[in-house]
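Scroll down for the structure; my scribbles are underneath it.
Chain identifiers are assigned alphabetically (A, B, ...) following the order of the sequence lines, protein sequences preceding nucleic acid strands; residue numbering begins at 1 within each chain.
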There are 2 protein chains.
Amino acid sequence: MKVLLVEDDQFHASWMEEMLADALPEVSEIFHAQNGAEAEREARLLSIQAVVMDLRMATRNGIEAARTLWQERPETRILFWSNYADEAYLRGITAIVPEDSAYGYVLKTAPRDRLKLALRAVLIEGQIMVDREIHRLQRRQATPWATLDDSEFAVLLDLAIGLQDKRIAERRGMSLRTVQNRLLALYDKLGVDAEETEPLNKRVRALNRALVTRILNIEALEAAQRDFDQWSATRR
Amino acid sequence: MKVLLVEDDQFHASWMEEMLADALPEVSEIFHAQNGAEAEREARLLSIQAVVMDLRMATRNGIEAARTLWQERPETRILFWSNYADEAYLRGITAIVPEDSAYGYVLKTAPRDRLKLALRAVLIEGQIMVDREIHRLQRRQATPWATLDDSEFAVLLDLAIGLQDKRIAERRGMSLRTVQNRLLALYDKLGVDAEETEPLNKRVRALNRALVTRILNIEALEAAQRDFDQWSATRR
DNA sequence: AAGTTTGCTGCGGGAACCCGCAACAGGTCT
DNA sequence: AGACCTGTTGCGGGTTCCCGCAGCAAACTT
C-alpha cells in the first residue's frame, strides 16, 4: 500500500515516517509532500488512497487539500494530524468529508500508541476516529454544553468577516430579525456579557470569544472570506 | 556557559540541542524546560543568563515567561525561536525588553547558518537580531508602509477585547472623539472598506484584518484580556 | 510675526445594532 | 382537540457607532 505524508515540518515528517514503518507493515511506499498543493498533485499522479495530512501549512492548508482529494477520489482515507485542538478544524473537516469516507483526527501530542491505533483504524480499516481531547479541551469558559448548531455557526462566520445583519440575512435567506435572534443565541452561548461588569461591543466580543475558545481560528476566517468572495461573485 | 532551552516540542528541542552543541562550543550545560512556568523556575534556580525560548507553548507562553525572567534579571539574553512571523509577537517582545538587553527573534524555518549566527550574536555577543522575514511577510494586503504607532496599537487591543469607545477613552485617558479618530486611522491602515463593494461592520472587520495580516494573533487577544482585567481590578 | 500643519476636542445626525414584545406557524404531548 | 413548545418574523425605541464639520492649541515653516 502506498501512503502520502503531507507535512511541512521536517522533524515531524521523519518521526511520522518512522511511525508508519513501525505500525503498518503493509505499507510499501511512503511519498512525501510539503504542502497542500503538492499533495493534490502527487495524490492525483500516484493514485494515492491513504494520506496522513498536517493541517497548518504555509501555502495551502490541509483542509483545502483534502477537499480537492475527496472531490477527485471520495474513497481516499485521510488521517489529519495537527498540533491544535481547534474546533474550527473539526468543523471544517466534517463539512467536506464525503458520505462513508474514512478519516481521523489525532493530535501531535498524542502518545505513540494512540497514534499507531489511529493509523491502523483509519488507513487500514477505513474507520472514523477522532481524538477525544479535541472535545474535552473546548468549553472552558463558554457556557458549557452549549454547542453551536450549523445555522448559528454559519452566522458566526458571517459575523466574523464583518457582514452586517442585513447582508447576513440576504446571504442565508433569513429575515433580519431571525439573524438577530441567531446572534442573541451566539452571544449567549459564547458567554458574551456573562459576568462582565461593563457593557461591551457584542459583535467584537463574540468574535473574540470564538477565537479564544478555539471555536474559530484565523484559518477559518480566511476560509470564510474566500467562501464569501466566491458566493458574492456568482451573485451579480 | 549555561543555556536554558524552553521548548515543548521534543523534536524541535533535540534539534536545537544539537545545534547549540555544534554552534557554541562555549556552552557547558544545556537545561531544558517544557513550558513558561518551568522556565521561570529553572532560570531562577540556576541563575541562567542565556535562554532559547519557544513562543507558543501550552501553559504559559514565551512572552510571559520572558517578562518574568527580565524582571528578575534584566541582563538575561533571550533568543526567541518561533514558527510564526506574527507581528503581534514582535510587538509583545519589544514591549517588555529592558534597556540594553540582548534578544533575538528567529523563525524555525530559518536555514541552519542563520540560526547559528543568531545563537552566537545574541547569546555570546549580546547583540540584538531580528529575522527580516518577519517584516517582509507582513503587509500583504494592508495598505503598505502603514505601520501602527503605539497609541493606535493600544486602541486596537482595546477594540479587540470588545471595549466600547467610551471605555477605551477612560482607560487610555483620551477624549471620546480622539478615540474615534484613532479608530478611523486604524480602519484606514488595516484596509477596512478598501475596495469593498458592500458596507461592513468596521469594528469586526478591523479585528478580522488585524488577525489575517498577523498584526494580532489569538495569544495577543488573551494577553490583552489579562492586562485589561488587571487594570480594571486596580481601578476600583 | 504671520501662516501652515498636526493633533485633540465637541457637536450633531444618520445608520446600524441590541432586544423586548407580540403575533403566527408547525410540531409534540396529554 | 386543546395545550404547549419552538422557531420565525414585524415593530418600535433606546443605545452605540461612524464620521463630517469646525474650533482650538502647539509645533513647525517661511
In plain terms, say whether [X] and [Y] are close enough for a salt bridge, that is, a side-chain N and a carboxylate O under 4.0 Å apart.
X        : Y        : answer
A:Arg60  : A:Glu40  : yes
B:Lys108 : B:Asp54  : yes
A:Glu222 : B:Arg214 : yes

Between the protein and nucleotides 10-17 of chain D, which nitrogen or oxygen pairs come in under 3.5 angstrom?
residue, atom, partner, partner atom, Å
D:dG10, O6, A:Arg177, NE, 3.4
D:dC11, N4, A:Arg177, NE, 3.2
D:dC17, OP2, B:Asp165, N, 3.4

Check whether NZ of the Lys or CZ of the Arg B:Arg91 lies under 6.0 Å from the centre of the six-membered ring of B:Phe153 and within 45 degrees of that ring's axis. yes
Here the gap from A:Leu90 atom CG to A:Ile63 atom CD1, rounded to the nearest 0.5 Å, amounts to 9.0 Å
Rounded distance in Å - [atom1] ([X]) to [atom2] ([N]):
X        : N      : atom1 : atom2 : value
B:Asp188 : C:dG7  : CG    : P     : 13 Å
A:Asp158 : C:dC17 : CG    : P     : 12 Å
A:Arg172 : D:dG7  : CZ    : P     : 19 Å
A:Arg205 : C:dC17 : CZ    : P     : 19 Å

Using only side-chain N and O atoms of A:Arg182, determine if any of them is under 4.0 Å from OP1 or OP2 of D:dT8. yes
State whether the side chain of A:Ser101 and the backbone N or O of A:Val97 hold a donor-acceptor pair below 3.5 Å, judged by distance alone. no
Start at the 5' end of DNA chain C and walk down; is the nucleotide closest to B:Asn181 or to A:Leu184 reached first? B:Asn181
